[in-house]
Structures are given as structure tokens and as C-alpha cells.
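Accompanying notes for the structure given below.
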There are 2 protein chains.
Amino acid sequence: MSRASQQAYAKIRAHLLSGQVQPNEQLTEDQLAQITGVSRTPVREAVRRLEDELLLVRSDTKRLFVADWSRDDIEEMFSLRQMLECHAAERAAQRLSREKITQLEAVNHALKDAIAQDPPDVARFLEANRCFHEAIVDAADSPRLGQMLSKLVEAPVVLRTARTYSLDDLRQSSRDHDELIAAFTARDPDWARAVMGSHLRRAFHTFARSVGPQTGGAVPGGK
Amino acid sequence: MSRASQQAYAKIRAHLLSGQVQPNEQLTEDQLAQITGVSRTPVREAVRRLEDELLLVRSDTKRLFVADWSRDDIEEMFSLRQMLECHAAERAAQRLSREKITQLEAVNHALKDAIAQDPPDVARFLEANRCFHEAIVDAADSPRLGQMLSKLVEAPVVLRTARTYSLDDLRQSSRDHDELIAAFTARDPDWARAVMGSHLRRAFHTFARSVGPQTGGAVPGGK
DNA sequence: CGGACGTTATTTGTATACAATAACTGTTCA
DNA sequence: TGAACAGTTATTGTATACAAATAACGTCCG
């Protein structure tokens, strides 16, 4: 994706995550072109990508709206992520080199450092966490799997905006990572899969608890 | 996707599947615009979609090539499809209404009709088969799952061009469908998942056998 | 009043011209 | 010969103007 398109994508995405727009609000390509400072052509390219990521949706008459995710949507995404990333962990366990495992250890060390700050450095934690999971997906060596997961992993970030992580949550995550590393070192795919499964399933419940039982979901323009 | 874009997509896709172009052959947007009879703007939209489906790939310098799938690529896609569609079958078993199951039976009946022709009507078989699987994915009621699967299901069709189905293969497929319907009627998710798993795994081996152990894979422009 | 219709304004879709970038080709100089 | 460079050609990226489609609005007729 080239300069203007990439820029448009990043700015629109940031705009959506910033909370300046509401779910189901209509957007026009012209607006977005103004916001991003490029013409409609690259905006359209960026919008298509954001549609693919389900951050934007179109009505049946091609008008553009900010997506509103229902509880079911979120649960679905966590389920799919779990299924795919367990598969990734299984494959990674059969493929990770000794060096790569060492790198994972380093990343998890950095993650623990971030937790150990007072107050915990959540931004650094999230970055290290992202890096850890990404390395596993990479090691799975399955390009389509990676492509699918990248969409799912980035998405829930949208709603996490005001979310507060408890220190216990963060610590438990780092322990899960330790155990994943142990599974990789033992080259045990079943173990890796199982740990990844509980790791992500717990993440879902933590997330769901913090968000509460709100709903949402219907598209305004009809769909 | 609107008129010109959709048309461009369909024509380019048909062009790729027709065998008039070779893997790793370079294409230009201008060429495709001429072939499809629309301007470059909708062609670019179609191309991006085909890139997403991995029928086209870009070199590191943004030049466009016909994708060349290695044996690993194909195996990867079958694996992912199996994982996702087993999940779909499981969910479908918990959701399919009695009417929907009746519709599945009708579709499978049509599929058997197609087989019973002399010679077997492979085109009609494929269409009924597509319809059968699509109905199951629909019933799973998981939009992102459907989106992912649609990419995977359509893709291997590319290589199947000259493929010849044996009568036994076709008959076994219809029997698998019978058993899936039985599992749905019994509302047994585990059964449905298991049948779907063996159904698709066998399809992979049938496919692999017919294609042979050829390779392919490297992208010309570098990447 | 109220609903069907036609008109206007808004928004998306397409074509085209031009700009930026990458590939190619031939030439020069060790 | 052959490696670096310059100029040319080919290809993709962006902006803009215009066409098509859709929504919004007001008016007329019942």
C-alpha cells in the first residue's frame, strides 16, 4: 500500500479509534478525504480495507457507516482467533528454532519489565504481547493463517480503548507465555495448543467482564 | 461491488482460470483494462480483491503477477478449510432448523441426480456441492467465518481445471453429505464435525493425487 | 392531512490526465 | 569486457472531472 493510501488508512483508523465518531454514524468519502488530506482515490482504497476489517460497514445502497459490534460479534471474533491461534501454536511447536525460542524469551522478559513498573506500563505490555503472538504466528509458516489472524487480532483493540487491565491479568498472561515457551522447548504441539487455548479463552472472559453485557448490532441503512 | 468493478473481477478471474495465462506471468493494469473493457479504476479494485484471494501477487516493487501455488500452499489451504468448515459444521448442527435440513436434503438429491447422468454432469455436481457447503456455513451464523471460508473454497477451483472426477469420488461425496444430514438431524455437533473432517480430508488426498507432486512457488520480482 | 410523485442535492462510481516510481537500454569510461 | 551512469520507456499511484445512483425535500392531488 502506497504513501497516500497507507496514510489515509492510518488516519481513518486512528479517527475511528479515537472515539470522535459514534457507531452507526455515516461517513462520506469526501469527509475522509478532507480529514486525511488526500484525494478520494486513496481514501477509497483505505476504506475498502477497513470494510474488510469490519471497522466500517456499507448499507445496501453503498453508503458508509461506522461499524457497531454486538456482543455476539466480539465473542465470534475471540472464538475464531482462538481456533486459528491454537492451530498456529501447534504448528509453531513443530517449527520454532532454538534461536527463535530464545527471542520469544527475550520478548516475554520485556513484557514482564513493563508489568513491573509502577504503575505498570500497559502500552509497552501490549506492544510486547503483540510481538510475542506475532512471532508465533510467523513461526507457524502459514501465510493465509497469518493473514486471517492479523485481521482478528487488531480488531478488538477498537473497543479496548478505556479498558483497564488488572495487575493479576497481566501477570497471568506472562505466566501463560512462560508455559508456551516451555511447550515450544519441549516441541510438544498438543501442550502448546492447550496453553494457547486457555490463554485466549481467559482473555475473552476478562474482556467480556470489563465490557459488560451491552448489545448493539443493527445496521442503520438496512444492510 | 458495483457494475464495472464486478465485471472486471469476473472477467479477470475467468481469464486466469481459462489457462490463457501462465503462473508468474506479469500483468499490467492497462492490459486488464483492455481485456475487461473498463477503465483502470475499477480494474484496480478488482485486482486488489484478487490479490486478497491470492490469485494475483505483487512483487516488492508493486508489479503484478499471476500467482503460482506450490504444493505446500495447496495443502495449507485445504488444512485451513478443514479447520474452519469443521467448526462451521459443529455450529450448524446446533442451529439448523428442520426446514433448512430439508433443503439440504433437496440439494443433495439434485447432486445425486447429476451423478446419475451418463456421463455424470460434473458442472451440476459442483454447483450442488457448492450450494450444500454454503448452506452449512450460512447456518453456522458467523459472518467472519463465512468470509474466510469463501476465499478458501473458491480458490482451489483454479487448479482443478483439467481435473477428472472419478464416479467413485462423486458417490462417496454424496454419501458423506447423507451422513452430515443425519448428524444435523440428530443435532450432534461432534458427529457433524467428524464427518466434515473426513469428507474434506479425503477431498484433499483425491485432489493431491490427481495433481501430482509438482512444486512451484517462488515469486519472480523478488518480494 | 397524507401519501405519491417529481425535482434537487448528496454521495458513490468511473474515466481520464498527470505525477511518481521503477525497469530498460544504450553509452561511456576503466 | 563490464560496471556505472543517463536518458527513455513502461507501470503504478493520485487527483480531478464527470456520470450514475440514491436520498432528501417539497409540492400537488386525493
Side-chain angles (χ1 to χ4, degrees), chain A residues 1-13 15-16 21-68 218-223, chain B residues 1-16 20-68 218-223:
Chain A
M1 229 182 188
S2 213
R3 205 194 104 260
S5 300
Q6 179 59 44
Q7 182 176 325
Y9 172 79
K11 284 204 183 175
I12 296 171
R13 189 170 211 284
H15 192 241
L16 294 174
V21 290
Q22 295 205 331
N24 294 332
E25 184 176 332
Q26 182 174 359
L27 299 175
T28 69
E29 295 174 356
D30 265 325
Q31 279 176 6
L32 296 175
Q34 286 199 318
I35 291 173
T36 58
V38 300
S39 81
R40 270 180 58 214
T41 308
V43 163
R44 280 173 67 86
E45 209 168 314
V47 162
R48 289 225 359 205
R49 193 162 146 194
L50 290 162
E51 277 182 78
D52 199 48
E53 293 174 6
L54 297 172
L55 269 69
L56 297 175
V57 295
R58 271 184 200 279
S59 71
D60 50 356
T61 58
K62 312 297 185 190
R63 273 158 169 74
L64 204 61
F65 298 88
V66 179
D68 181 24
V219 179
K223 166 50 199 257
Chain B
M1 229 183 189
S2 213
R3 207 194 102 258
S5 300
Q6 179 57 44
Q7 183 175 325
Y9 172 79
K11 284 204 183 177
I12 295 170
R13 190 171 211 283
H15 192 241
L16 293 174
Q20 294 176 47
V21 291
Q22 296 206 329
N24 294 332
E25 185 177 330
Q26 183 175 358
L27 299 174
T28 69
E29 296 174 356
D30 265 325
Q31 279 176 5
L32 296 175
Q34 286 200 318
I35 291 172
T36 58
V38 300
S39 82
R40 271 180 58 214
T41 308
V43 164
R44 281 172 66 86
E45 207 168 316
V47 161
R48 295 240 346 201
R49 191 161 148 197
L50 290 162
E51 277 181 77
D52 199 47
E53 293 173 6
L54 297 172
L55 268 69
L56 297 175
V57 295
R58 273 187 198 278
S59 71
D60 49 357
T61 58
K62 313 294 185 191
R63 272 159 170 73
L64 202 63
F65 297 89
V66 179
D68 182 23
V219 179
K223 166 48 192 266

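Below, chains carry the letters A, B, ... as their sequence lines are ordered, and counting in each starts from 1.
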Quick one, I12(A) with I35(A), criterion side-chain contact (heavy atoms from CB on, under 4.5 Å). Give me CA distance, side-chain angles, the key distance, then yes/no.
CA-CA 8 Å; I12(A) 296 171; I35(A) 291 173; 6.0 Å; no

Neighbour count above 12 (heavy atom, 6.0 Å) for Q34(A) CD
no

Can you give one letter per nucleotide of nucleotides 9-15 of chain C, going 5' to 3': B for a protein heavy atom under 4.0 Å from the base, S for sugar-phosphate only, - for none?
-BSBBBB

Identify, with sequence neighbours excluded, every residue that meets side chain to side chain donor-acceptor pair (under 3.5 Å) alongside R48(B).
E45(A)

Taken in chain and number order and not counting sequence neighbours, the residues that satisfy side chain to side chain donor-acceptor pair (under 3.5 Å) with Q20(B) are S18(B)

Calculate the interatomic distance between Q34(B) atom CD and dA10(D) atom P; express it in whole Å.
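Value for this atom pair: 14 Å.
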
Which residue pairs satisfy the salt bridge (Lys or Arg N to Asp or Glu O under 4.0 Å) criterion with at least one member in residues 26-37 of chain B, sequence neighbours excluded?
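For residues 26-37 of chain B, and leaving out neighbouring residues, the salt bridge (Lys or Arg N to Asp or Glu O under 4.0 Å) pairs sorted by first residue read E29(B)-R40(B), E29(B)-R44(B), E29(B)-R58(B).
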
Using five base pairs at each end to define the local axes, how bent is the helix from dC1(C)-dG30(D) to dA30(C)-dT1(D), to the nearest 10°?
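Here the helix ends are tilted 10° relative to one another.
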
Going through the checks in order, is the side-chain contact (heavy atoms from CB on, under 4.5 Å) test met by L27(B) and V47(B)?
CA-CA 10 Å; L27(B) 299 174; V47(B) 161; over 6 Å; no

Shortest non-hydrogen contact from L56(B) to V66(B)?
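Looking at all heavy atoms of both residues, the shortest contact is CD2-CA, 4.1 Å.
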
Please list every donor-acceptor pair under 3.5 Å in which a side-chain atom of residues 2-10 of chain B meets a protein atom from a residue at least two apart or in another chain.
from, atom 1, to, atom 2, distance (Å)
Y9(B), OH, R13(B), NE, 3.3
Y9(B), OH, E53(B), OE1, 3.0
Y9(B), OH, E53(B), OE2, 2.8

